[in-house]
Amino acid sequence: MSQASIPTYDPGEIEPRWQQRWDKDGLYNSDIDTSKPKHYALTMLPYPSGDLHIGHWYAMTPADARARFMRMRGFNVLFPMGFDAFGLPAENAAIKKNIHPKTWTYANIERMRLQLKSMGGMFDWRREAISADPKYYKWSQWFFTQLYKHGLAYRKHSPVDWCPNCNTTLAREQVWGDDRHCERCGTPVIKKDLNQWFFKITNYAEELLDFSTIDWPERVKTLQTNWIGKSSGASVTFRTEQGDPLEVFTTRPDTLWGVTFMVLAPEHPLVAKLTSATQKSQVDAYLAETIRQSDIQREAADKEKTGVFTGGYAINPVNGEKIPVWIADYVLMTYGTGAIMAVPAHDQRDFEFARKFNLPIRVVIQPAGEAVIDPDTMEAAVPAKGSMVNSGELTGTPENKAMEKIIAFLEAKKAGHATTNYRIRDWLISRQRYWGAPIPMVFCDKCGVVPVPDDQLPVLLPDDVEWKPTGESPLKLHPTWKKTTCPQCGGPAERETDTMDTFMCSSWYHLRYLSPNYDKGPFDPAEYNYWAPVDVYTGGIEHATMHLIYTRFFQKALRDMGIAKGPEPMLTLRNQGIVLGEDSEKMSKSRGNVVAPDDLVKAYGADSVRAYLMFFARWDLGAPWNKTGIDGTVRWLRRVWTIMQEPSAGKSPSVEAEKNLRRRLHQTLRSVTRDFENFEFNTIVSGLMELLNDMQKFRQENPGPSKAWDEAVDVYLRMLAPVAPHISEEIWSRLGKPYSIHTQKWPTVDEQAAADETITLVIQVNGKVRDRLIMPVNVSEADAKAAALANEAVQRALDGRQPKQVIYVPGRLVNVVG
RNA sequence: GCCGGAGUGGCGGAAUUGGCAGACGCGCACGACUCAAAAUCGUGUACCGUAAGGUAUGUGGGUUCGAUUCCCACCUUCGGCACCA
């Protein structure tokens with residue numbers, strides 16, 4: 001057989017053929033097998049938007065390669081796939097094209113499933129779960145009622161964020177940026193007062209800060225930590241003149257003697273009672289103005305302070321002083337207690353307010369050794385670092401004792417105590433949209449709010465609905481759907497007409513994958529006990545303070561309700577970056593810079609696309625797409641194709657040549673193995689490219705039969721298999737090796753073969769490289785130093801000077817200092 | 001303002017623990033094959049310099065025999081948070 005008899009590499013023929021074979025053989029079915037360690041690998045489930053995007057490929061193919069690697073390493077790997085099928089885009093597309101959201105969604109799923117299959121992934125499709133499927137959302141609803149029964153779901157009338165474009169409320173996590181825009185569509189949100197369902201994620205604020213049992217990226221942990229926003233301080237209770245308790249939260253209770261006024265949020269419940277007759281018209285005018293302004297205007301940090309005096313006073317519990325109470329919109333009702341004690345000497349915001357309204361300023365913290373601060377001439381609040389002064393019986397307390405002493409003082413006076421505040425708010429779960437899981441609650445005039453009993457779940461989403469948005473839940477406008485009977489008393493009742501945030505569905509999908517058809521519970525306990533938790537989770541960082549915080553909350557809630565075990569749902573998390581368009585901008589249809597994976601597969605084959613996506617950027621960073629770059633991986637796979645299949649004929653290699661080949665082979669195996677473990681996909685491919693270059697050179701010089709060559713081909717194909725599953729399977733089969741390459745063992749590094757026999761000894765003078773010498777690996781220190789000192793380039797660089805010192809790093813270098 | 005990521009050739013990037021900076025690939029240039037082109041193969045490719053050599057990992061310092069790597073102070077950029085008490 002000559003080279004001419006090796007057919008041309010034709011991925012278009014090879015790839016579908018193997019995909020069908022694997023499918024037919026159930027090669028990627030994962031079943032419980034207690035004889036093997038399990039490995040649950042998961043990528044964030046896609047939304048069925050219509051077409052598989054290059055971003056999906058970028059997320060999924062390296063994850064698939066790693067799952068395959070783990071399988072070859074002897075793990076029983078589960079790598080499932082499904083669809084986050086509820087959500088707004090379905091409704092929006094349906095409105096635009098006048099098709100039912102369900103039709104649109106399921107047609108897209110069909111399409112995307114085929115596209116996913118073209119990737120050659122090792123998905124176990126028997127485990128596919130679709131969140132819009134009643135047998136799925138039955139359990140989303142069941143979880144809702146469970147949370148309700150355990151006091152973790154509640155309904156509250158409050159001001160909430162509303163997206164006027166999406167026509168629905170949003171959770172705080174789904175409102176982004178300076179201009180407080182909707183995370184989905186970018187429209188700035190407005191406030192509305194509505195009765196909405198919430199999940200008590202705040203109950204878990206403290207526990208969510210604990211990442212000690214999981215291996216997650218620092219970035220995600222930081223984002224979540226910032227989001228949770230823990231601050232420690234004290235709760236201090238002032239009293240109004242009328243005797244009402246007026247509680248504030250402060251991180252600096254040691255500045256209590258510096259309080260010269262108090263400020264309430266305009267919405268604070270005590271405002272009306274505190275307002276004096278003379279101030280009433282001013283207060284009312286301010287309240288009216290505040291309501292008129294948007295949140296964005298109100299919360300702009302650079303805005304000049306505004307506010308009015310209520311005419312009322314409060315008593316400072318530490319010294320009995322009577323201090324004026326103001327209202328101002330820089331105090332937010334949504335944080336702390338909606339009231340603050342103002343310490344203008346040591347807080348810049350309070351300082352600005354005091355200067356503007358001529359309120360007194362009193363310094364109560366004095367830095368050691370600095371000039372005494374004059375409140376009349378100071379131009380900004382001074383940092384409260386130093387000993388307490390002007391603070392009654394606590395005057396003189398040093399900084400490091402201040403907190404401890406003031407807390408004890410407050411507790412003794414029963415005026416306050418140490419406490420912690422969190423920025424995170426409860427998760428608003430209600431959505432005024434059609435294409436979601438109905439919230440399974442019933443309102444009865446007699447019995448109040450009643451959860452739908454388990455045996456009446458799921459509460460089915462009706463198909464015959466006017467799903468165009470009106471600002472009201474489409475289910476509310478359905479003529480009959482909401483009418484029901486009370487599960488408790490049997491009397492007439494109405495259903496909740498809001499649907500759930502789709503992040504509810506995605507909070508537990510990793511559990512549904514385990515047994516998507518199980519009907520006695522959300523998941524089959526046998527499957528759960530074997531597979532859970534997720535070992536490796538991969539996806540985008542944009543979910544750091546949405547999905548990734550919700551799903552952690554969900555796991556903790558399930559654990560506390562006795563439904564699941566363990567504190568965390570996903571043990572290891574890795575984020576991929578973003579593939580930008582060739583113009584370095586985010587890919588979008590309107591920019592016309594979208595790269596379509598289908599076209600790439602058609603032009604180059606899935607294996608080349610997979611390899612290129614792993615190779616072209618650091619996976620965690622992403623990069624702009626480069627059209628010509630893929631030629632590199634295409635050429636590489638073509639060369640693999642011919643070199644691996646070239647029959648042996650001619651001169652056989654020397655023992656030395658074989659030894660060198662094996663050394664390179666096993667060194668590469670070592671690095672590729674390590675890189676797979678570390679999610680360093682780009683160097684896996686470059687390592688394989690380098691080895692191929694070496695193998696090609698070897699083969700050009702030694703085309704004859706060789707055991708080492710056969711070994712190299714065998715090991716090379718195994719290493720290639722996770723990256724390029726089709727071509728490796730095809731060559732493997734054409735070489736007459738047993739089906740399937742994907743069930744073969746990952747090769748073991750022969751450390752002896754991988755060991756270097758010679759080293760390149762770097763010869764430096766004063767840290768600058770002057771020469772490189774090939775030396776035996778076991779060269780003695782004396783010999784290495786002697787060789788360096790005798791070196792011509794070293795002598796030239798020394799220029800007659802005597803070496804002061806000679807540094808020897810075994811196996812690496814000699815540095816002559818002189 | 002606070003927190004975090006990232007700054008290395010024309011481009012994407014590589015460099016176990018502080019020890020050969022620029023692997024691998026793209027692009028480019030030249031050459032081979034070809035009537036020609038594509039494909040393929042080969043050679044070269046950080047910068048300055050004819051060379052010896054010198055200069056280079058965002059900037060400026062420091063530690064060290066030796067720094068892309070460690071420390072300090074900055075700059076740029078991306079992301080998050082922010083009148084959060």
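In this text the structure is predicted, and so the values were computed from the model without any measurement. Numbers restart at 1 for each chain; the letters A, B, ... are given by sequence-line order, proteins then strands.
At the heavy-atom level, A:Gly622 lies under 4.0 Å from the strands shown only through sugar-phosphate atoms. A:Gly229 comes within 4.0 angstrom of nothing in the nucleic acid, heavy atoms only. Residue contacts for A:Arg172: at a heavy-atom cut-off of 4.0 Å it reaches the sugar-phosphate backbone alone, with no base atom in range. Across all strands, A:Val343 comes closer than 4.0 Å to no nucleic acid atom at all (heavy-atom distances).
Side-chain atoms of A:Arg423 and base atoms of B:C84 include no donor and acceptor less than 3.5 Å apart.
Looking at A:Leu170 and A:Cys182, their side chains come closer than 4.5 Å, going by heavy atoms from C-beta outward. Using a 4.5 Å heavy-atom cutoff, the side chains of A:Asn575 and A:Arg219 are not in contact. Looking at A:His268 and A:Leu246, their side chains come closer than 4.5 Å, going by heavy atoms from C-beta outward. By the 4.5 Å heavy-atom criterion applied to side chains, A:Met44 and A:Thr538 are not counted as neighbours. Residues A:Thr334 and A:Arg172 are not in side-chain contact: their nearest non-hydrogen atoms beyond the backbone lie 4.5 Å or more apart.
Of the listed nucleotides (B:G25, B:C81, B:A14), B:C81 has the atom at the smallest distance from the side chain of A:Trp227. Of all nucleotides listed (B:U16, B:A85, B:C84), B:A85 comes nearest to the side chain of A:Ser231.
Following rounding to the nearest Å, A:Tyr330 (OH) and B:C84 (C1') show an atom-to-atom distance of 12 Å. Remark: C1' of B:U8 and CZ of A:Arg618 are 12 Å apart, rounded to the nearest angstrom. For A:His268 and B:A85, the NE2 to P distance is 17 Å, given to the nearest whole Å. Remark: P of B:U16 and CD of A:Gln667 are 15 Å apart, rounded to the nearest angstrom. Atom-to-atom, CZ of A:Phe249 to P of B:A85 comes out at 7 Å; the value is rounded to the nearest Å. With rounding to whole Å, A:Met546 atom CE is found 10 Å from B:C81 atom P. The CG atom of A:Leu223 sits 9 Å away from the C1' atom of B:C81 (whole-angstrom rounding). When rounded to the nearest whole Å, the span between CD1 of A:Ile541 and C1' of B:G80 equals 9 Å.
Distances shorter than 4.0 Å separate none of the side-chain N or O atoms of A:Arg349 from OP1 or OP2 on B:A82.
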Using the 3.5 Å cut-off, write out each protein N or O paired with an N or O of nucleotides 43-54 of chain B and the distance between them.
residue	atom	partner	partner atom	Å
B:G53	OP1	A:Arg796	NH2	3.1
B:G54	OP1	A:Arg770	NH2	3.1
B:G54	OP2	A:Arg770	NH1	3.4

Output a table of nitrogen or oxygen pairs between the protein and nucleotides 2-4 of chain B separated by less than 3.5 Å.
none

Any N/O pairs under 3.5 Å between the protein and nucleotides 39-41 of chain B? List them or say none.
residue	atom	partner	partner atom	Å
B:U40	OP1	A:Arg638	NH1	3.3

Protein-nucleotides 60-65 of chain B N/O pairs closer than 3.5 Å?
residue	atom	partner	partner atom	Å
B:C65	O2'	A:Asn815	ND2	3.3
B:C65	O2	A:Asn815	ND2	2.4

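Taking the charged nitrogens against the carboxylate oxygens, A:Arg674 and A:Glu677 have no contact shorter than 4.0 Å, which rules out a salt bridge. Of the charged side-chain nitrogens involved, none lies within less than 4.0 Å of a carboxylate oxygen, so that A:Asp583 and A:Arg591 do not count as a salt-bridged pair. Using a 4.0 Å cut-off between charged side-chain N and carboxylate O, A:Glu206 and A:Lys230 make a salt bridge.
Evaluation of the ring-ring contact (aromatic ring centres under 6.0 Å, His included) rule for A:Phe676 yields A:Phe69, A:Trp746 as partners, not counting sequence neighbours. Taking the side chain to side chain donor-acceptor pair (under 3.5 Å) definition, one finds that A:Trp427 meets it with A:Asp501, sequence neighbours left out. Remark: A:Phe309 engages A:Tyr313, A:Trp326 in a ring-ring contact (aromatic ring centres under 6.0 Å, His included) (not counting sequence neighbours). Under the ring-ring contact (aromatic ring centres under 6.0 Å, His included) criterion, A:Trp625 pairs with A:Tyr612, A:Phe616, not counting sequence neighbours.
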Take A:Phe353 and A:Tyr330, measure what ring-ring contact (aromatic ring centres under 6.0 Å, His included) needs, and give me the verdict at the end. CA-CA 10 Å; A:Phe353 196 83; A:Tyr330 81 90; 5.5 Å; yes
Before you tell me yes or no, could you show the steps for A:Tyr286 and A:Thr310 under side-chain hydrogen bond (donor to acceptor under 3.5 Å, both in side chains), namely the whole-Å CA-CA distance, both residues' side-chain angles and the distance that decides it to 0.1 Å? CA-CA 11 Å; A:Tyr286 188 75; A:Thr310 60; over 6 Å; no
Test log, rule side-chain hydrogen bond (donor to acceptor under 3.5 Å, both in side chains), inputs A:Asp756 and A:Thr758: CA-CA 6 Å; A:Asp756 283 309; A:Thr758 57; over 6 Å; no
Can you check salt bridge (Lys or Arg N to Asp or Glu O under 4.0 Å) on A:Arg574 and A:Asp620, steps first, answer last? CA-CA 8 Å; A:Arg574 291 293 180 272; A:Asp620 55 331; over 6 Å; no
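Taking atom P in both B:A67 and B:U59, one finds a spacing of 15 Å when rounded to whole Å. Across the C1' atoms, B:A56 and B:G9 are found 10 Å apart, a figure rounded to whole Å. Distance check on atom P: B:G61 versus B:A6 gives 25 Å, rounded to whole Å.
Within the structure, salt bridge (Lys or Arg N to Asp or Glu O under 4.0 Å) contacts touching residues 768-783 of chain A (residues at least two apart or in different chains) are A:Glu781-A:Lys785.
A distance of 4.5 Å separates OG of A:Ser608 from OH of A:Tyr9, quoted to the nearest 0.5 Å. A distance of 12.5 Å separates CD1 of A:Ile684 from OG1 of A:Thr668, quoted to the nearest 0.5 Å.
The residue among A:Thr337 and A:Val175 whose nearest nucleotide of RNA chain B lies closer to the 5′ end is A:Val175.
Contacts between residues 675-694 of chain A and RNA chain B, defined by a heavy-atom separation below 4.0 Å, involve A:Asn682, A:Thr683, A:Ser686, A:Met689, A:Glu690, A:Asn693, listed by number.
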In dot-bracket, 5' to 3', how would RNA chain B read with Watson-Crick or G-U wobble pairs under 3.5 Å, [ ] for crossing ones and | for pairs to another strand? (((((((..(((......[....)))((((((.......))))))(((....)))..(((((..]....))))))))))))....
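A glycosidic torsion no more than 90° from 0 defines the syn conformation; B:G12 lies beyond that range and is anti.
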Below 3.5 Å, can you tabulate the donor-acceptor pairs from side chains in residues 250-262 of chain A to any protein atom, sequence neighbours excluded?
residue	atom	partner	partner atom	Å
A:Thr250	OG1	A:Arg252	N	2.9
A:Arg252	NE	A:Asp254	OD1	3.0
A:Arg252	NH1	A:Ala384	O	3.0
A:Arg252	NH2	A:Asp254	OD2	2.8
A:Arg252	NH2	A:Ala384	O	2.9
A:Thr255	OG1	A:Arg252	O	2.8
A:Thr260	OG1	A:Pro360	O	2.8

